[in-house]
Amino acid sequence: VLFIFAGLVHTRKASSPPGVMAASRRRTSAEFQGDGSLMPPSAHVVASPRGGGAPSREEHANGGRPALRGANPRGGSSVFSATKLTGRRRPAGRMPLRRVAIFASLALNVAALALLRHRYVVSHPHHPGVVSLDQQHHVCAPQPGTSGAAASAPSTGKPGVTSDSVINLDHGDPTMFEAFWRETGDAAELVIPGWQTMSYFSDVSNVCWFMEPDFDQQVRRLHRTVGNAAVDGCHVLVGTGSTQLLMAALYALSPAGAVQPTSVVSTAPFYSWYPAVTDFLRSGLFRWAGDANSFVGDAYIELVCSPNNPDGAIRDALLGSGGAGKAVHDLAYYWPQYTPITRRADHDIMLFTMSKSTGHAGTRIGWALVKDREVARRMTKFVELNTVSVSKDSQLRAARVLRAVSDGYDGGASRHQLFDFGRRKMAERWRMLREAAAASGIFSLPEVTSGRCNFANETAANNHAFAWLRCDREDVEDCAGFLRGHKMLTRSGNQFGADPRYVRVSMLGRDDAYDIFIRRLASLK
Ligand SMILES: Cc1ncc(COP(=O)(O)O)c(C=O)c1O
């Protein structure tokens with residue numbers, strides 16, 4: 001705007017004496033609209049020795065190059081403009097300078113406006129004229145019951161629900177957090193130019209050579225902010241989700257020359273993916289050996305999940321580390337929205353994931369904190385042989401998201417506090433669930449437990465990401481089947497090495513699906 005104003009003032013000053021501004025202004029617009037276009041002058045036109053300035057019709061038609069002489073009977077090239085339209089002739093001699101000034105100033109304005117708009121679009125993706133990915137979601141997201149084929153917008157996961165839809169609470173898909181991230185504006189947004197993140201390598205001086213330094217820093221910063229894990233002296237490793245790092249840990253901890261595969265155990269009920277992930281390639285290095293309670297032997301890898309998926313129990317290793325026994329601590333849910341942070345975890349191998357900490361499961365980023373350098377090197381080797389490296393685009397996005405979370409708590413101006421949002425949301429959902437179970441009368445839930453949270457600096461309840469729901473009705477032996485009959489999908493207890501009267505219910509979905517689930521559950525007798 002300043003450029004336009006300056007341009008106009010300059011144009012008026014340069015081309016008109018006081019008192020003739022209005023007439024000159026009219027002429028100016030006529031000059032540039034006479035052929036229906038707004039065309040900055042070419043260098044040729046500006047330097048025209050013919051005293052004109054604006055290109056003739058023929059010059060326009062000829063791509064700005066000089067027209068053939070005979071084409072203009074008057075021999076002058078610029079009379080097409082204002083003179084023709086208004087019937088007035090310009091005073092000879094003053095014309096070229098004024099027109100040059102007008103052209104130059106308008107060209108500058110047009111260029112400046114284009115530049116300003118470009119910069120505004122890049123730094124304000126919510127500009128009304130620009131559809132951000134988030135807005136595309138609103139505009140283009142497939143409606144329930146449509147194929148969604150028309151949309152080129154990113155996928156949003158499970159389709160929307162109506163009051164008679166099947167409600168899928170089988171997966172721990174953390175879409176509950178969308179509501180928080182929608183409110184954070186550009187705090188967690190990232191633009192990656194086409195030329196960036198092209199190399200395989202990120203930091204060749206690091207054991208984990210494909211890890212982006214900013215991701216490493218933001219991971220350490222967040223753990224220091226929350227106080228949930230010791231990071232000093234640890235190697236941070238990045239993986240394609242913590243699932244990949246779990247496999248990497250099994251590989252790294254299994255002795256290469258062992259005669260027998262190393263036994264992998266976990267206390268039941270255990271996360272249903274532990275046996276699946278351990279055995280799906282039928283490795284000669286390790287194999288699933290079931291519930292840690294019934295394990296007999298010296299060589300093992302114990303998977304310790306705390307808070308535990310599925311039941312939310314706070315766990316320590318049952319068998320412990322030492323000798324040929326090792327432990328991997330899966331702390332995916334050790335964050336303040338789910339549980340009080342009662343101590344700084346400090347284990348040999350600790351696994352975390354974006355999926356449950358910030359809700360960015362689709363970014364597919366997890367990390368490991370590893371004390372021993374050789375174990376860190378072997379885990380890195382696994383990732384290298386498995387997927388070569390880990391998406392740098394995802395790492396940068398994850399770093400941006402983690403930064404936004406820490407910024408919310410570092411005393412700065414950010415109002416957006418993820419863990420406060422998460423705690424409120426989880427507390428509300430658990431209250432609704434307990435009320436629904438009580439109204440129904442046929443379900444039971446784990447007791448409420450709480451503890452002093454060092455992060456929140458107050459006593460806080462355990463509000464786990466999953467409900468471990470038991471159907472108490474005598475005639476129901478398969479709770480998942482019973483709920484499926486009422487259009488609610490949950491995961492059966494038998495997949496966790498437990499009784500099928502139990503189901504695991506995800507507490508992390510969107511509000512609409514959760515509300516319908518609560519109403520249906522309360523109505524079951
Ligand atoms: C206990 C536990 N560990 C690990 C994972 C996997 O996380 P990621 O999405 O990072 O692979 C999950 C996901 O549900 C989980 O519940």
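Just so you know, residue 1 is the first one in the sequence shown, and it goes up from there. Start at 1 and go down the list; that is how both ligands and their atoms are numbered. Bear in mind the structure is a predicted one, so any value in this text is a computation, not a measurement.
A perpendicular orientation is assigned to the rings of Trp288 and Phe270, their planes being inclined by more than 60° (bins at 30° and 60°). Classification of the His223-Trp335 ring pair by plane angle, with boundaries at 30° and 60°, yields parallel.
By the 3.5 Å distance cut-off applied to N or O atoms, Tyr274 is not counted among the residues near ligand 1. Here's the thing with Thr240: none of its N/O atoms is less than 3.5 angstrom from an N/O atom of ligand 1.
Applying the ring pair (Phe, Tyr, Trp, His ring centres under 6.0 Å) test to pairs two or more places apart or on separate chains, those with a residue in residues 377-411 are Tyr251-Phe382, Tyr409-Phe419, Tyr409-Phe455.
A donor-acceptor pair is defined here as one N or O able to donate and one able to accept, closer than 3.5 Å; such a pair exists between the side chain of Arg220 and the backbone of Cys234.
Of the protein's heavy atoms, Thr353 OG1, 2.5 Å lies nearest to atom 10 (O) of ligand 1. What sits closest to atom 2 (C) of ligand 1 on the protein, heavy atoms only, is Asp330 OD2, 3.4 Å. Ranking protein heavy atoms by distance to atom 13 (C) of ligand 1, first place goes to Tyr271 OH, 3.3 Å.
The cationic group of Arg429 lies under 6.0 Å from the six-membered ring centre of Tyr514 and within 45° of the ring axis, placing it in a cation-pi geometry.
Counted by atom type alone, Ser389 and Glu384 present zero donor-acceptor pairs between their side chains at under 3.5 Å. Thr162 and Asp164 share a donor-acceptor pair across their side chains, judged by distance under 3.5 Å alone.
When Asn206, Val370, Val207, Asp216 are each tested for a side chain to side chain contact (heavy atoms under 4.5 Å, CB included) with Val236, only one passes: Asp216. Residue Phe496 forms a side chain to side chain contact (heavy atoms under 4.5 Å, CB included) with just one option from Asn308, Asn309, Val503, and that option is Asn309.
For the pair Tyr333 and ligand 1, a heavy-atom separation below 4.0 Å is found. Heavy atoms of Gln244 come nearer than 4.0 angstrom to ligand 1 in no pair at all.
Of the candidates Ala332, Ser355, Gly366, Ser355 brings a heavy atom nearest to atom 8 (P) of ligand 1.
Taking every non-hydrogen atom of Ser242 and a distance limit under 4.0 Å, the qualifying atoms of ligand 1 come out as 4 (C), 5 (C), 6 (C), 7 (O), 8 (P), 10 (O), 11 (O). For ligand 1, the atoms sitting less than 4.0 Å from at least one non-hydrogen atom of Cys305 are 1 (C), numbered in the order shown with element in parentheses. The Lys356 neighbourhood of ligand 1 comprises atoms 13 (C), 14 (O), with distances under 4.0 Å to a heavy atom of that residue. Within the listing of ligand 1, atoms 8 (P), 9 (O), 11 (O) sit less than 4.0 angstrom from a heavy atom of Arg364.
Residue-level proximity to ligand 1 for Thr243 is carried by backbone and side chain together, each with a heavy atom below 4.0 angstrom.
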